[in-house]
Amino acid sequence: MSLSEQTPSPQRVLDLYATMCRIRAFERMVIRGTEEDLVKGAAHLSIGQEAVAAGICGNLRRSDQIASNHRGHGHTIAKGADPEAMMRELFGKEGGICGGKGGSMHIADFDVGMLGANGIVGAGILIAVGAAKSKKMLGTNDIVVCFFGDGAVNRGPFLEGLNWARVFDLPVLFVCEDNKYAATTRTDQLTGGDGPVARAESLGLPAQTFDGNDPLGLDVLAGDLVEQIRSGSGPQLLHVETYRHIGHTVVDPATYRPDAEVAEAKTRDPIERAKAFLVENGSAVADLDQIAADAESEMVAAFETARDAPWPGLAAAASDVQDVGAPL
Ligand SMILES: Cc1ncc(C[n+]2csc(CCOP(=O)(O)OP(=O)(O)O)c2C)c(N)n1
Ligand SMILES: [Mg+2]
């Protein structure tokens, strides 16, 4: 059976559905946290893009690693991080995943193989390549997945990272999550040539484009790519086309996007697509709504615990800081 004819089992789609519901519920709480002035610093949401995180991370094992960008909540949750510690991090509270010092764009959890969100567009690419080099030198068959946006392909690290991954034949999957915009600008107005796939192929990487709002198809494709890379295929690039439902940051009204474009994209909501498949295959709507409600309850609890948590103690200001010695 060709890849395009394969469908994950209903149980697997249920898992994908649950993961996507958890990501969306977390990010809805980030909206509430912004409205209640609890979120410290900027936060970028992936509402509408959840299939990419769920479909790809669902095919990774704990010792595989990911590097993310500024829009990283979904990747982090799908890789297994604790949402309550993430929410504490966004609120700057004690028990935050990075001690409350990093905020949304610096969430990392090495224990689950999440090497970090990143506020510098494109910077995660080089972190992923370095991590993949380490995996190879250590002789593991773990792989590294690097998530970045369509804006990042116009930055230098994209060229450097893909080139070195090819030269050293590294076990890394580059995932270009193309939501058509880099902040407020359409990337087709900023990008020369034929885009990420053509650029990757010019450096010798196998590359392809896929529907980033198709969680079932992505799960099958990612399973195949991860297996190929684990077995030594070398680096590959997956360009996934998706769309963010809301603005660049939580507070961006995104008036630069045509209403019809947003409305059309919402008809391809990945959560609704997974739900439709499950209903067609015998799931009861009430059971699926219960999964969504459970995700909501989990994230409300994370929100409330983080909101009520204490601030870090004063001594925390001087910990995790590089000691550069006394000034001369
Ligand atoms: C090197 C650098 N340049 C500019 C910015 C400001 N900036 C933050 S996010 C962003 C857009 C990135 O677009 P894309 O890579 O497509 O990711 P998306 O936000 O669409 O997920 C920009 C320009 C930055 N953070 N880093
Ligand atoms: Mg983008």
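Hydrogens, waters and symmetry mates play no part in the numbers below; they use all other heavy atoms, side chains included. Atoms within a ligand are numbered from 1 in the order they appear, just like the ligands themselves. Numbering of residues begins at 1 and proceeds along the displayed sequence.
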Handout entry: N or O pair under 3.5 Å between Y181 and ligand 1
Key = yes

Practice task
Can you figure out which of N154, V121, N69 has its heavy atom closest to atom 10 (C) of ligand 1?
Solution key: V121

Practice task
Would you check whether H44 has a nitrogen or oxygen atom less than 3.5 angstrom from a nitrogen or oxygen atom of ligand 1?
Solution key: no

Handout entry: K79 side-chain N/O to R61 backbone N/O, donor-acceptor pair under 3.5 Å
Key = yes

Completion exercise
Looking at D150, the N/O/S atom that lies nearest to the Mg ion (ligand 2) is called OD1

Handout entry: Distance from atom 25 (N) of ligand 1 to nearest protein heavy atom, with residue and atom
Key = G119 O, 2.8 Å

Problem - No-hydrogen, no-angle side-chain donor-acceptor test under 3.5 Å, N118 and H70 - result: no

Practice task
Walk me through it: do F26 and F303 pass the test ring pair (Phe, Tyr, Trp, His ring centres under 6.0 Å)?
Solution key: CA-CA 8 Å; F26 179 88; F303 175 96; over 10 Å; no

Practice task
Evaluate the 4.0 Å heavy atom contact test for atom 6 (C) of ligand 1: does a protein atom fall under the cut-off?
Solution key: no

Handout entry: Any N/O pair I120/ligand 1 closer than 3.5 Å
Key = no

Handout entry: K101 and S319 side chains, donor-acceptor separation under 3.5 Å
Key = yes

Practice task
Note the single closest protein heavy atom to atom 15 (O) of ligand 1, along with its residue, its atom name and the distance in Å.
Solution key: G151 N, 3.2 Å

Exercise for the section: Could you tell me whether any N, O or S atom belonging to Y181 is less than 2.8 Å from the Mg ion (ligand 2)? Expected result: yes

Problem - D178 near the Mg ion (ligand 2) via N/O/S, less than 2.8 Å - result: no

Exercise for the section: Give a yes or no on whether the ring-centroid distance for F148 and F158 is below 6.0 angstrom. Expected result: yes

Practice task
From the options P157, A183, A152, G156, select the one whose nearest heavy atom is closest to atom 11 (C) of ligand 1.
Solution key: A183

Practice task
For the pair Y181 and Y256, name the ring-plane relationship: parallel under 30°, tilted 30 to 60°, perpendicular over 60°.
Solution key: tilted

Problem - Distance-only side-chain donor-acceptor flag, S63 / D142, under 3.5 Å - result: yes

Exercise for the section: Please state which part of H248 comes within less than 4.0 Å of ligand 1, counting heavy atoms only: side chain, backbone, both or neither. Expected result: side chain

Exercise for the section: Go through the side-chain N and O atoms of S46 and H73 and say whether any donor and acceptor fall under 3.5 Å apart. Expected result: no

Practice task
Have a look at ligand 1 and work out which part of D150, if any, has a heavy atom under 4.0 Å from it: side chain, backbone, both or neither.
Solution key: both

Problem - Nearest option to atom 12 (C) of ligand 1, as decided by whichever heavy atom of M105, E177, H70, R71 sits closest - result: H70

Practice task
Ignoring hydrogens and angles, tell me if any N or O in the side chain of D224 forms a donor-acceptor pair with the backbone of V220 under 3.5 Å.
Solution key: no

Fill in the blank from the handout: Within the 4.0 Å heavy-atom cut-off, what R155 brings close to ligand 1 is side chain

Exercise for the section: Find all atoms of ligand 1 within a distance of less than 4.0 Å from any non-hydrogen atom belonging to N179, and give their numbers and elements. Expected result: 18 (P), 20 (O), 21 (O)

Problem - Working for ring pair (Phe, Tyr, Trp, His ring centres under 6.0 Å), residues Y17 and F277 - result: CA-CA 10 Å; Y17 174 75; F277 170 89; over 10 Å; no

Handout entry: Pair R199-N154, side-chain donor/acceptor within less than 3.5 Å
Key = yes

Exercise for the section: Examine A182 against ligand 1 and note whether any of their N/O atoms are separated by less than 3.5 Å. Expected result: no

